[in-house]
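Residue numbers start from 1 in every chain, and the chains themselves are labelled A, B, ... in the order their sequence lines are given, proteins ahead of strands. Only a predicted model underlies this, so the values are computations on that prediction, with no experimental measurement involved.
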2 protein chains.
Amino acid sequence: MEQLLQSLKIGINEKIFIKDPESSDLGKRIVEESIIMIHQMGFESFTFRKLGTKIKSNESSIYRYFENKHKLLLYLTSWYWGWLEYQLVFSTNSIPDAKDKLTKAIEIMTRETKEDSAFSHINEVLLNKIVINEYSKSYLTKEVDTENKEGYFVIYKRLINRISNMIKALDSSYPYPSSLSSTIIEGSLHQHFLKEHFSSLTDCNENISPTEYFIDLVFKSLKS
Amino acid sequence: MEQLLQSLKIGINEKIFIKDPESSDLGKRIVEESIIMIHQMGFESFTFRKLGTKIKSNESSIYRYFENKHKLLLYLTSWYWGWLEYQLVFSTNSIPDAKDKLTKAIEIMTRETKEDSAFSHINEVLLNKIVINEYSKSYLTKEVDTENKEGYFVIYKRLINRISNMIKALDSSYPYPSSLSSTIIEGSLHQHFLKEHFSSLTDCNENISPTEYFIDLVFKSLKS
DNA sequence: TATTATATGATAGTATTACTATTATATTTG
DNA sequence: CAAATATAATAGTAATACTATCATATAATA
């Protein structure tokens, strides 16, 4: 599994970047440091100028990789969802029982990323936190529909569909497989956020994980 | 009910504004037009300068009401949650049966706002759409914890608590009342958004409402 | 009615952002 | 070694997100 992820390249829509950041050392440093900086200062305060200073490169060089910071966020989050998708596929592929499969899938989708795989320049622990705090900003824009047509959200959509299909496989009579799937994925991010910042609005804490909550929620909804 | 809402003033934390926009004609125009503009152009493109031009007032005059557009968003969304809270309380107060009460509550929290009450300068239909598209930006910031301590999110939190209490009243053994409550409210906004922009990620459409989905989800989770 | 607060408007100014353009200098590749 | 390509350095622009100052209009009060 870890070997597989090591050698894997996540296929990101080429329209998201101008020049593939995986294709050069500078590109990788842009990605690596942007994750650290966005995590530290938040997406709003993060700028290409600051990133340039940090990686001792030039602002204009960064613009040769990404049109703007919104595209960079799309790149980072696409990478994250692609990475999660690999984990989902590898971990559930061999499970024959539909219920076991869905259980495992929910586990993967709702757990906190706790270890950096340390193979690549990408810190998955920080990236997970970025996704929790910033992902919705990538689609809550006036440009969603255009960007959706351009395919900027394909990986995310494919992921939600995979879970939706697992739900259907377990209970074909359930009327809301897509809504339930999107609730698990977006809801999980939200519960993780609440745990950190609005603890009175969630039951999740050190003892109760979002995974527990969603497993309960899903299997009470489905015939199984 | 409508009369009640007409004469009602929603109590918004005074730290959110510098000068109460309800206290003057200019203040009301700021609120009224900002709703229209944010809905039209999105929160990112909206500026106080543009608003000033639109209402034929001065940028600097707007700054005398709100420190910045983030505070204005907090004001608008607080107003919205306060308005929903009144509807919730008035509509469920007299319902004795815990299940009926929760059903009604879910209906109120998940339905689309379709009619502008036309009493005030505030267009609730547009405001509902703003909340769907922009609300999470108000708390997905590096300043959440400070602002939360300042009480900027009290109404929202109170609302979630009210639903959580209704869940507890119906099924005291359910282990995740707060998570379920926050899932209903945030999840509803999300399903409405998906319906508009990512129809393949939801089962909600013209025929199936988010309300149906959440009613099903909640009552399958609870003993009742 | 005159005085004086208070609210609003007009204008200007600043630092920062989000870029674009140009030219110079490395570095890689053929 | 030449030519292509990548990166760096520098400068410049329009817009944003304010702050400051002063003028004027309106309202409250003495």
Side-chain angles (χ1 to χ4, degrees), chain A residues 14-34 37-38 40-76 121 134 137-138 140-143 146-147, chain B residues 14-34 37-38 40-76 121 134 137-138 140-143 146-147:
Chain A
E14 303 209 340
K15 289 176 203 149
I16 289 181
F17 48 76
I18 296 167
K19 179 180 170 162
D20 186 354
E22 288 289 324
S23 71
S24 75
D25 182 64
L26 177 63
K28 285 176 193 156
R29 272 157 54 220
I30 289 171
V31 168
E32 181 173 16
E33 280 297 330
S34 68
M37 288 182 80
I38 292 172
Q40 276 173 353
M41 66 198 340
F43 187 65
E44 282 56 52
S45 302
F46 169 80
T47 70
F48 279 1
R49 176 152 300 192
K50 288 174 188 168
L51 176 59
T53 307
K54 186 78 177 292
I55 63 175
K56 279 169 190 146
S57 175
N58 205 274
E59 194 188 2
S60 60
S61 303
I62 300 167
Y63 277 104
R64 289 201 190 87
Y65 286 84
F66 296 101
E67 227 177 299
N68 49 49
K69 67 174 179 172
H70 173 245
K71 288 284 179 75
L72 171 60
L73 181 62
L74 285 172
Y75 179 87
L76 296 177
H121 48 292
E134 324 284 1
K137 296 173 193 168
S138 76
L140 293 176
T141 68
K142 278 286 158 186
E143 297 78 32
T146 325
E147 296 192 342
Chain B
E14 303 209 340
K15 289 177 201 148
I16 289 182
F17 48 76
I18 297 168
K19 178 180 171 162
D20 186 355
E22 289 289 323
S23 72
S24 75
D25 182 63
L26 178 61
K28 285 175 193 156
R29 273 157 54 220
I30 289 171
V31 168
E32 181 173 16
E33 281 297 329
S34 67
M37 288 183 79
I38 293 172
Q40 276 173 355
M41 65 198 341
F43 188 64
E44 282 58 50
S45 303
F46 169 81
T47 70
F48 278 2
R49 176 152 301 191
K50 289 173 188 169
L51 176 60
T53 307
K54 186 79 177 293
I55 63 176
K56 279 171 189 144
S57 175
N58 205 273
E59 193 188 4
S60 60
S61 302
I62 300 168
Y63 277 104
R64 290 198 188 91
Y65 286 83
F66 296 101
E67 227 178 297
N68 49 48
K69 67 174 178 173
H70 173 245
K71 288 284 179 74
L72 171 59
L73 181 62
L74 285 173
Y75 179 87
L76 296 177
H121 49 291
E134 323 286 0
K137 297 172 192 167
S138 77
L140 293 176
T141 67
K142 278 286 158 187
E143 297 78 32
T146 324
E147 296 192 343

Checklist line | Which atom of Glu33(A) lies closest to which atom of Leu51(A), heavy atoms considered | finding: CB-CD1, 3.7 Å
Notebook entry, point to check: Looking only at side-chain N and O atoms, does Ser60(A) come under 4.0 Å of OP1 or OP2 in dT22(C)?
Noted result: no
Check: CD of Glu59(A) versus C1' of dA11(D): gap in Å, rounded?
Finding: 12 Å
Notebook entry, point to check: For Ser57(B) and dG9(C), is the shortest distance between a side-chain N/O and OP1 or OP2 below 4.0 Å?
Noted result: yes
Next item on the list: Search all heavy atoms of Met41(B) against all heavy atoms of Lys50(B) and return the closest pair with its distance.
Entry: CE-CD, 3.7 Å
Next item on the list: To the nearest Å, give me how far apart CD1 (Ile62(A)) and C1' (dT20(C)) are.
Entry: 15 Å
Margin query: Using heavy-atom distances to pick each residue's nearest nucleotide on DNA chain C, tell me which of Arg64(A) and Tyr65(B) is more 5'.
Written below: Tyr65(B)
Next item on the list: Look at all strands and tell whether Glu67(A) reaches a base, only sugar-phosphate, or nothing, counting heavy atoms closer than 4.0 Å.
Entry: sugar-phosphate
Next item on the list: Rounded off to whole Å, could you give me the CG-to-P distance for the Leu51(A) and dT16(C) pair?
Entry: 18 Å
Checklist line | Touch class at under 4.0 angstrom, heavy-atom based, for Phe48(B) against every strand present | finding: nothing
Check: Could you give the CG-to-P distance, from Asn58(A) to dT25(C), as a whole number of Å?
Finding: 15 Å
Notebook entry, point to check: Atom CD of Glu44(A) to atom P of dC18(D): distance rounded to whole Å?
Noted result: 13 Å
Checklist line | Closest to the Leu26(B) side chain, choosing from dT8(C), dT11(C), dT10(D) | finding: dT8(C)
Next item on the list: Taking all heavy atoms of Lys69(A) and all of Phe43(A), pick out the closest pair and write down the distance.
Entry: NZ-O, 2.8 Å
Next item on the list: Over all heavy atoms of both residues, which pair between Arg29(B) and Ser57(B) is shortest? Give the atoms and the distance, please.
Entry: NH2-CB, 4.3 Å
Check: NZ of Lys71(B) versus P of dC18(D): gap in Å, rounded?
Finding: 10 Å
Margin query: From the set dT17(C), dT19(D), dG9(C), return the single nucleotide nearest to any side-chain atom of Thr47(A).
Written below: dT17(C)
Item checked: Lys19(B) side-chain N/O to dT8(C) phosphate OP1/OP2 under 4.0 Å -> yes
Margin query: With a cut-off of less than 4.0 Å, is there a side-chain N or O of Ser24(A) near OP1 or OP2 of dT7(D)?
Written below: yes
Margin query: Which heavy atom of Glu67(A) sits nearest to which heavy atom of Ile18(A), and what is that distance?
Written below: N-CD1, 3.7 Å
Check: Nearest to the side chain of Lys69(B) - dA17(D), dT16(D), dT17(C)?
Finding: dA17(D)
Item checked: Along DNA chain C (nearest heavy atom to each residue), the more 5'-positioned of Arg49(B) and Gly27(B) -> Gly27(B)
Notebook entry, point to check: When all nucleic acid strands are considered with a 4.0 Å heavy-atom cut-off, which category describes Ser61(B): base, sugar-phosphate, or nothing?
Noted result: base
Check: Can you check the Met41(A) CE to dT16(C) C1' distance for me, whole Å?
Finding: 13 Å
Check: Under a 3.5 Å cut-off for both distances, is dA26(C) Watson-Crick or wobble paired, and to whom?
Finding: dT5(D)
Notebook entry, point to check: Please give, in whole Å, the distance from dA7(C) P to Lys56(B) NZ?
Noted result: 24 Å
